[in-house]
Amino acid sequence: MSGAKEAPTTGRSKPPKMLAVRQGLLRGTLSFIQRWLNNEHPPGKGLRLTNNKVVYAGVDSLKLKGSNGVISFSPYGPGIFRAYYCAKDKAEPLLEDKSWTIDLAKQSADGWSLKRTAETSEYTCSLAGGIEAGITIVGTLGTIACRIDSTPVMLDLGPVQTTKEWLLVEKNLVRPGTVGVFGLGENTPPMNKAGKTVTMWNTSPIDYSTGANPLYQSWPVVIYQYAAGPAFGVVFDNPAYAVFRFSSDGKSLRYAIKDTELNCFFLLGPTLPELLGQLSYLTGTLPPLPKWSLGYQQSRWSYTPSAQVREITSEFRKRDIPCDVIYLDIDYMDHYKPFTWGKSFQDHQDLMRDLHSQGFKVVTILDPGLKVEPGYQPYESGVKQDMFVKDRNGANMNKLVWPGSVHFPDFINPSVREWWSTMVCEFLRSGVDGLWCDMNEPATFDFRSTLPPDAVHRRLQGSSTLTHRQVHNLYGFSMSRATYEGFLKTNRLPYLLTRSTYLGGQKFATTWTGDNSSNWEHLQASIPMMLNLGLSGQPISGPDIGGYRGSPGPALYQRWILQGALYPFSRTHTMEDSPDQEPWSFGPEVEASARRAIKLRYRLIPYFYSLLFEATRRGQPLLRPLFYYNPTAESLQPEYYETQFLLGPHLLAAPLMNLNPTRTCYLPPDQWYSWWTGKAVGGGQTYQTTAQKDTDLPLFLHENSVVPVYPEPPSYIPERSLDELELIITIRDIAQGLVVEYFNRSALLAYQAQFHLKESWVEGMIYMLRQGDVPEDYHPPVHLYLTINHRVEQMVLLTTCAGYSTEKHPNFDGWTKINIKRPGFPLSCRIKVNWSN
């Protein structure tokens, strides 16, 4: 849903050319005014935080005090180091002992050592692979230098500076070689931010195109990746207005924050998997999600009345297109008032029961603005309990949004979050399965499109206040938190989607990339946007497939749904009065492509779910850049990493990004296998795909992989184990993987699979892992299929089962499919294979 309406279109025809031109000019004018009102201009220089005296130097930390401010340095955790800066004239420091998103109580110096001289203090720790990292502090200057192994990588050429309103930080890379700058959350391409300026001020843009910023979210995470390594990063933790400026080679960063204190965290890697683990240790991990949230999802503004919802869901089942979730946009409400149902959905409880019986889940939109209307219970209780953001005169802030005049809950205040969570809990009794937090930048219908900087928030009950300028980027994050806490009161596995959030927001909600457009530019922007979000700490994201604004032609939608079926968050969504945008709305050929792609996703649900488990434990994104494991010079070429992606460690997708029927992709080192033919393809080189070899969705399996799939795709994801499970095994020497069947915070049902190829024998072992209170409907498979990339000459099963058989793979030459009926665990087997293939 968007913050501004456009002239409607009907059918599949385009609006008249003159009307389209006028709409474009209007959007451009409004966008310019919006940027002008919200834009800030950092100063060029300030007072230096230098001439410091060491006022405290303990085993763990170093505290410096100078004429212009205070600095402290200390280890935070494994491979993570913290710096805190505060100007002298800061009236009430907030961040020294507190962060809005980072648990400073976790801070520990375990694994770090400190050596001091008269001029410097050096902290050292061991990273993965036995590599030593060092942090050197020059006390009088308050500067910091980082090294990984024996090579310096980053240093301050000068100290941090301050003005009355700003802190200015400069970071410089000194390691030779070409470096890419990634992360920085939700931003349009180019993915590499070298030479770019990135602003963080959560915004509901009137329109956005490639290169536009700021957008809806703020993730102040900078990740540097050198060819052949190392990878390391810096996290800047303050939710105020901020600007990043990178030199053209990416080796110089000038960071300005419109506040006079800052927490800075250094992530020392030295690889992306290790770095993402460090980031998740710092900011938290995605919580467990229900398995159905990985299914395909369908939305529009709006499916109304309830009869249309029934019609759409019925079509999915009739047309044999898997789908799990239907969305209800703002028209389900009574005059757009949150926590209400309108006349078109008076039968909403019957609707929920009917949809649930067909395997559908329902997600409803939830906006923060509460209508100023006597008799509307959320508004009246909010006024009575003083729950709203204030204007500078102390009155409840009044703004126009969808319901008309609204007040905004002050989610910064814990008591307001508790009040909101109670309303969420009550609303969920209607049978809704998930909530979609929108318009929470917060967005308003005026030229600024958000709350003014001098709006007032209260941290706690009482007189302690903050201006909106200080916490603007936290608003969507705090709404997500309050909504999530309400969900937890009724459901142990909440599902939330949010448009706006801040660093660490993955702890409460997944996200999507806002009001994109139905054009090839936005299709091509999808992959780099998701990848940078993943590198910033958000493992689950995706764009509106087909584009929200406008209408895609059949070719564009076909290309988009083919790759979109592999996005972590896979949803088609479109705006009000647009033509139909369901998978069958573009003719039989596109419908057939969509069905095939979505069924592929549903075959892969066991793999997606196992990746989700890894994301909740170690912060690993589901979508990973091409250079995630092998940062070669080739994999760091944007024509490859912006158009391809790794889905977990074992799959590589190289989708067709335009109308061409073929493309050139890059396959990282090692052996790869075509998903569609099973044929081997050598890695470490470019590869020309064709529809005849790899279909219109090129997808490849990595060697030494164990990929769990359903033998046949279900129509929706059941809340139980299916009787059949298949493991696709591509073994050259050692293949292993974790197959997760069910998990929550305390329970786990999974299988650890290990296969070793020794001469002509594969020795296999599959262990069952069962922890906590696993629901009764989750159980071991009745049929376990092992699909292996070799001809099998002999099979010896060393554990009990009800029988097994082997057969040639029906489609892959030289592959074999083994069927084990009612396997016992641990399962042990020996498989003699023929190397002739």
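Sequence positions, counted from 1, serve as the residue numbers for this chain. Side chains included, hydrogens not; waters and symmetry mates left out as well; all remaining heavy atoms used.
- No close placement of the Phe645 and Tyr628 rings is indicated, their centers lying 6.0 Å or farther apart.
- Using a distance-only test at 3.5 Å, with no hydrogens or angles considered, a donor-acceptor pair links the side chain of Thr816 to the main chain of Val792.
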Point to revise | Step-by-step ring-ring contact (aromatic ring centres under 6.0 Å, His included) determination, Phe182 to Tyr224 | key: CA-CA 6 Å; Phe182 303 104; Tyr224 296 101; 9.4 Å; no

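- In terms of modelled atom types and a separation under 3.5 Å, the side chain of Gln297 and the main chain of Ser293 share a donor-acceptor contact.
- Here the side chain of Asn744 pairs a donor or acceptor atom with the backbone of Ser746 at under 3.5 angstrom.
- If you check the side chains of Tyr567 and Gln563, you find a donor sitting under 3.5 Å from an acceptor.
- Applying the side chain to side chain donor-acceptor pair (under 3.5 Å) test to pairs two or more places apart or on separate chains, those with a residue in residues 697-718 are His650-Ser705, Asp670-His702, Glu703-Arg732, Asn704-Asp733.
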Check your understanding: Should Glu614 and Arg624 be marked as a salt bridge (charged side-chain N to carboxylate O under 4.0 Å, His left out) after you check the CA-CA gap, both sets of side-chain angles, and the distance that decides it?
Key -> CA-CA 13 Å; Glu614 189 179 10; Arg624 303 169 191 181; 3.1 Å; yes

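- Taken to the nearest 0.5 Å, the CG atom of Leu757 stands 10.0 Å off from the CD1 atom of Ile831.
- Classification of the Tyr495-Trp292 ring pair by plane angle, with boundaries at 30° and 60°, yields perpendicular.
- For the pair Ile540/Pro621, no side-chain contact is recorded, criterion being any heavy-atom separation below 4.5 Å from C-beta on.
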Exercise for review: Could you check Arg663 against Thr643 for side chain to side chain donor-acceptor pair (under 3.5 Å), going step by step and ending with a plain yes or no?
Suggested key: CA-CA 10 Å; Arg663 66 158 293 169; Thr643 64; 2.8 Å; yes

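- A donor-acceptor contact shorter than 3.5 Å links the side chain of Lys507 to the backbone of Thr283.
- In this structure, CG on Leu749 lies 9.5 Å from NE2 on His779, to the nearest 0.5 angstrom.
- Residues Pro775 and Tyr742 meet the side-chain proximity criterion, which asks for heavy atoms closer than 4.5 Å.
- Judged by a 6.0 Å distance limit and a 45° cone about the ring axis, Arg791 is not positioned over the six-membered ring of Trp815.
- In this structure, Tyr641 and Phe627 have perpendicular ring planes: the angle between them is above 60°, well past the 30° mark.
- Using a 3.5 Å distance cut-off with no hydrogens or angles, the side chains of Thr787 and Glu726 do pair a donor with an acceptor.
- No donor-acceptor contact under 3.5 angstrom links the side chains of Asp723 and His783, judged on distance only.
- The line from OG of Ser541 to CD of Gln506 is 11.5 Å long, rounded to the nearest 0.5 Å.
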Practice item. Dump the intermediate steps for side chain to side chain contact (heavy atoms under 4.5 Å, CB included) on Val739 and Ile766, then the final yes or no. Key: CA-CA 10 Å; Val739 179; Ile766 304 176; over 6 Å; no

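- Note that the CG atom of Leu827 and the CG atom of Leu784 stand 6.5 Å from one another [nearest 0.5 Å].
- In this structure, the side chain of Ser635 engages the main chain of Asn630 through a donor-acceptor pair within 3.5 Å.
- With ring centers used as reference points, Tyr687 lies under 6.0 Å from Phe700.
- Between Phe81 and Phe266, the two ring planes are tilted [angle within 30° to 60°].
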Exercise for review: Show your reasoning for whether side chain to side chain contact (heavy atoms under 4.5 Å, CB included) applies to Leu286 and Leu612.
Suggested key: CA-CA 9 Å; Leu286 183 81; Leu612 179 65; 3.5 Å; yes

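- No more than 12 heavy atoms of other residues, nucleotides or ligands shown are found within 6.0 angstrom of CZ on Arg822.
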Exercise for review: For Leu184 and Trp219, run side chain to side chain contact (heavy atoms under 4.5 Å, CB included): C-alpha distance rounded to whole Å, both residues' side-chain angles, the deciding distance at 0.1 Å, then the answer.
Suggested key: CA-CA 5 Å; Leu184 293 150; Trp219 298 81; over 6 Å; no

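- Remark: Asn789 CG to Ile728 CD1 distance equals 10.5 Å, nearest 0.5 Å.
- For the pair Lys106 and Tyr281, the cation-pi criterion (under 6.0 Å, within 45° of the ring axis) is fulfilled.
- Ring pair Phe825/Tyr751 is tilted by interplanar angle, where 30° to 60° counts as tilted.
- Residue Lys832 qualifies as open at atom NZ: its count of foreign heavy atoms under 6.0 Å is 12 or below.
- Judged by a 6.0 Å distance limit and a 45° cone about the ring axis, Lys679 is not positioned over the six-membered ring of Tyr673.
- For the atom pair Leu697 CG and Leu656 CG, the distance stands at 8.0 Å (nearest 0.5 Å).
- Ion pairing between a basic and an acidic side chain is recognised when a charged N comes within 4.0 Å of a carboxylate O; Lys291 and Glu719 show no such pairing.
- In this structure, the side chain of Asp149 does not engage the main chain of Thr151 through any donor-acceptor pair within 3.5 Å.
- Side-chain contact of Gln637 with Tyr666: a donor-acceptor pair under 3.5 Å is absent, judged by distance alone.
- No hydrogens or angles considered: a donor-acceptor pair under 3.5 Å links the side chains of Glu741 and Ser721.
- No side-chain donor-acceptor contact under 3.5 Å links Asp777 to the backbone of Arg720.
- Under the 3.5 Å distance criterion, the side-chain polar atoms of Ser526 are matched with a main-chain donor or acceptor of Leu523.
- More than 12 non-hydrogen atoms from other residues, nucleotides or ligands lie less than 6.0 angstrom from CD of Gln688.
- The shortest distance between side-chain heavy atoms of Leu531 and Leu533 does not fall below 4.5 Å.
- Side chains of Thr511 and Gln538: no donor on one and acceptor on the other come within 3.5 Å.
- For the pair Arg601 and Tyr296, the cation does not sit on the ring face, since its NZ or CZ is not both under 6.0 Å from the ring centre and inside 45° of the axis.
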Practice item. Determine, stepwise, if the pair Ser593 / Gln558 fulfils side chain to side chain donor-acceptor pair (under 3.5 Å). Key: CA-CA 7 Å; Ser593 291; Gln558 183 177 37; 2.7 Å; yes

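- Here the side chain of Thr124 pairs no donor or acceptor atom with the backbone of Gly134 at under 3.5 angstrom.
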Quiz: residues 794-806 side-chain donor-acceptor pairs under 3.5 angstrom, not counting sequence neighbours:
| from | atom 1 | to | atom 2 | distance (Å) |
| --- | --- | --- | --- | --- |
| Thr799 | OG1 | Ser828 | N | 3.4 |
| Tyr804 | OH | Met795 | O | 3.1 |

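- Partners of Arg175 by salt bridge (charged side-chain N to carboxylate O under 4.0 Å, His left out), not counting sequence neighbours: none found.
- A distance-only check finds a donor-acceptor pair linking the side chain of Asn192 to the backbone of Ala194 [under 3.5 Å].
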